[in-house]
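Small disclaimer: the values here were computed from a predicted structure and weren't measured. Reminder, nothing fancy here: chain letters follow the sequence lines and each chain counts from 1.
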Amino acid sequence: MIFLSRLRFRTKINLGLTLIVVFTALIIAFFVTSMASEALVDQTRKRGEVLAENLALRAQDPMLSTDLLQLESMVNEVKKADDEIVYAFILDDEERVLASTFNEGFPVQLRKANSSDKSTNIVMVDTGLLKIYDFAASIFISGKKLGTVRIGLSRAGIQSVVQNLMFAIFVLTGAVLLIAVLVSTHFARRMTVRLGKLQKHAVDIVRTHLGPEIYKDSTPDNNLKFYRKFLKGDEIQELTDTFDAMAMNLESHIEDLEVTETNLTRQKELLKTIINVSPDYISLLGPEYTYLAVNKPLAKHLGKTEEEIIGLKDQDLFHAHEAEIRMKESRKVLTSGLIINKETREQDEHDSTVRWFHTIRVPVYSENDSIIGVLSTAREITELKSYQAQLIQSQKMESVGKLAGGVAHEINTPLGIILGYAQLLQDDLSPEDQISQDLKIIEKQARVCRKIVSDLLGFSRQTESEKTEMCFNNSILEVLQLVSHTFKLEQIEIDTVLDERFPIIHGDPEKLKQVWLNLLSNSMEAVNEQGTIQITTHLDIATMTITALFADSGHGVDPQKLGTIFDPFYSTKPVGKGTGLGLSVSFGIIKDHGGTIEAISPLPRSISKGMNLPENSGPGTLFKVVLPLDAISAEEQVVNTGSV
Amino acid sequence: MLKLKFLIPTVLLLLGIALYLRGYGLDENIVKVNMSIREEISVPEPEKAITYAYLPQYSHKVSYQRHNQLIEYLAKETGLTLRQVFPDTFEEHRRMVENGDIDISFSNPMTYIKIANSGAQAFARIIEPSGSPTFRGQIIARQDNRFIHKIKDCRGKSWIAVDPLSAGGYLFALGLFFKQGITADDFKEISFASGPGGKQEKAVLAVYAGKYDFASIREGTLNIVKDKVNISKLKIVAETKRYPSWVYAARKGLDPKIKNSIAKAMFKLSMDNPEQAQILKQAGMRGIIPAQDSDYDSIRKLMAKLGLTKNSHKEWEIKE
């Protein structure tokens, strides 16, 4: 078979056709000669039977009349009639020879060679020299056998006819074979030339990147037409044409694919960029709860690269408890298709920083509407939460203020009456009198009450404020002058870094002074002894605000309580030492001026670095007051300072 | 591509089938014969037997067929060995009776008259299929023949007869015409049916076809041809007188015991016995009855009247 496969295609076609022709010819020759021989033998048989039966019929009368001469002449006539008849003879019912064509004695064995009770019987007599069909026909009259007629026909004649037939068939086969080989050679040459061209063309395609250069400018349709003009289109030609067209199409498709690939790559990059640029933590979880994709912020948050995370599960990335929660949520989304929408709180292990996240987990559907994954996005909302807390605080303060204001307003009148009557009664008594002394105490305490009520009214803005243009720095300096003596006694140092542009604001100087006083008083209590307080003012033209920073080196405020220190009656002092209204009143005044006040503890590094802090000082507290500048004053600022 | 391991067996199988088919039926039943071993052949001698001959009015085969069963019956009944012999001509039959080669002769009345002259003696005659021990001739013409109504109308007409020496088919009719004063010369034409066998039928057909005006036939022939022609289109113009039927005669010198034994067996045959009825039917007779030479005097008279006794023997050689 290897030898066969190595042969040239042309040789194979020739060989195949020759084999087919020879094989067919052999089969035909064998069958035809077989059939012809059969027919000839059959014909011979019939002829012999007819001859024998005819002779038997004619011999009836001579046999009955025992006319041996006539019988003799009859058998001799039969023999003369046909060259193929070797002998003829007639036997009586006892198989005695009545007449025969044998002149010199009768062959003894021949007499019993063909005996049968049938009307006719045929045997093949082999004399050694030749073969003879021996026909025996019984002579019957009225069912009684009178004798037998025997005729011998030579087989040589039939054989010679058959041999002639076979010779003719083989000669014809030879001629057909010759013609077939010639035709197949021509056909094979024609075919192999075309195949060769096709093969060469294929080589060209491989070498020159999809097709010969001459086809570059033509369309596939033009190519087909071009070929058909010169070559008759058979299957191979069509194959060649199709091959060319295929190459052209392939090239075109490859170009399209390259363009599509470029587009896809660009889109992929774009999508990746968008996802990575997004500050949110984005991840895609597969049905096996493994990460299929994460964006950069999430990878960074988890402290790994994107490639490291892909293929991992939640338990590989998070603590057991958190991983379990995430798995539960993912399972819920995958199984039920529900969307998880929630806010979570994370606390940093190292610096106890609290971060809030808004997490959404949505199912990802395939084309046949089955869930194949979970897309999670987590957005940090710590700042939002902070604003939310502040808003709540403001609302609370406002409510408390309104309540306190209402109560104070009602209490103010009876307090005035109490104070008036206490003073009136003192007028009636001598100052040394015990009753007078007591009345003074009543008066003093009543005044304290009135102060409290006044503060309450101030906090709730029940008191009217008169806003005028005022110098921000001056209001601070006036308060400093007032308290400097007291602070010195307490060995507390006050540094001032005031903006030299002396910003003018539109506000109530008295109430603002009260604020500064409250803040300084608060700082002094925090510092206790030998501390530092730094006051800084800063004008910001861009935002049209003026900021005052009151930093102290005191014991600071617990960060968790920073949101509550402005609540009314909140105080860290023991009972009787303070009302807890100072900061809340200050909050109300600043709010009344359209500004903000907040407390930061511990001190930011940028502030504490600039302060000359003593050793063993606390973390410190910074109160930041921001007030809006008046529009006119801002312009004046520009005129005054000559800069923006 | 077909693997060689499949191709080769397939080719061989097809060749085998071809060879098998080619050889089939050619060389069966081969018998080896050595042609060199030869012997001289001698003419077989027939065994001694009582010979029986039927006047050859038909071919030997018909003669054999008609009388074979009867001969077998007689041989069985008498215990004698009987053999049928087949003379080729009437004359040969007569001569063989005279020579003693035929012991029992079955012949027509005219032949009997001839052999009786040499000493043969009638001892039995047959009953015709019609039931009568006699038979007669008939003269027939077409029904639509306006010119022939009675026997005398035949004068001057064309006549088709069976054979010049046929009894019922010619001689009886010739006797009838002679009686009416009409001789052979009075007819426009006298023709005889051609060829051997079936002559009676041929004579009827010739009249039916209108080729001849009338025909003379043996009684019973019309019944034989009724399937071939429409006999209602034919009419019987006249019938001859009856003459005794075919006769069995023993040659001169045959042992009377043998003759009697055979006669006795013949007379035993009856149509009532199915087996014997088959034998009789095959032989064309209904029975065999005793006869004597004087029964045939009427024939002798007719022949004398027609002047046939003076004719030489040659005339008798013609078959009926």
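B:I41 has its side chain out of reach of A:F102: every pair of non-hydrogen atoms, C-beta onward, lies at least 4.5 Å apart. Within the 4.5 Å cutoff, side-chain heavy atoms of B:Q65 are placed close to those of A:I141. Side-chain contact check for A:V108 versus B:R38: every heavy-atom pair is 4.5 Å or farther apart.
Top candidate by heavy-atom pairs under 4.5 Å with chain B, chosen from A:V125, A:D67, A:I132, A:L98, is A:V125. In terms of non-hydrogen atom pairs under 4.5 Å with chain B, the most contact-rich of A:T127, A:T66, A:D92, A:N114 is A:T127. Contact tally against chain A (heavy-atom pairs below 4.5 Å) for B:V31, B:I37, B:V85: the top residue is B:V31.
Using a 4.5 Å cut-off between heavy atoms, A:F106 touches chain B through backbone and side chain atoms alike. In this structure, chain B has no heavy atom under 4.5 Å from any part of A:L129. Using a 4.5 Å cut-off between heavy atoms, B:E72 touches chain A through its side chain atoms alone.
Atom OG of A:S65 sits about 8.5 Å away from atom CD of B:E92, to the nearest 0.5 Å. The distance from atom CZ of A:R111 to atom CD of B:E39, rounded to the nearest 0.5 Å, is 5.0 Å. A distance of 10.0 Å separates CD of A:Q60 from OH of B:Y64, quoted to the nearest 0.5 Å. Here A:E104 contributes atom CD and B:E40 contributes atom CD; the two are 9.0 Å apart, rounded to the nearest 0.5 Å. Note that CG of A:L146 is 10.5 Å distant from NZ of B:K61, once rounded to the nearest 0.5 Å. Put simply, CG on A:L64 and CG on B:N68 are 9.0 Å apart, with the number rounded to the nearest 0.5 Å.
In this structure, B:F267 places its CZ atom where more than 12 heavy-atom neighbours from other residues, nucleotides or ligands lie under 6.0 Å away. Heavy atoms of other residues, nucleotides or ligands lying less than 6.0 angstrom from CZ of A:F23 number more than 12. Summarising the local packing, CG of B:N99 is surrounded by more than 12 heavy atoms from other residues, nucleotides or ligands at distances under 6.0 Å. For CD of A:Q43, the number of neighbouring non-hydrogen atoms (other residues, nucleotides, ligands) closer than 6.0 Å is 12 at most. Atom NZ of A:K145 has more than 12 heavy atoms from other residues, nucleotides or ligands within 6.0 Å. In this structure, A:R189 places its CZ atom where only 12 or fewer heavy-atom neighbours from other residues, nucleotides or ligands lie under 6.0 Å away.
Among residues 68-81 of chain A, the residues having any heavy atom closer than 4.5 Å to a heavy atom of chain B are, in sequence order, A:L68.
Salt-bridge check for A:D126 with B:K32: passed, with a basic side-chain N closer than 4.0 Å to an acidic carboxylate O.
Formation of a donor-acceptor pair under 3.5 Å by the B:N34 side chain with backbone atoms of A:Q109 is not found in this model.
The two residues A:A113 and B:V33 make their nearest non-hydrogen contact at CB-CG2, 3.9 Å.
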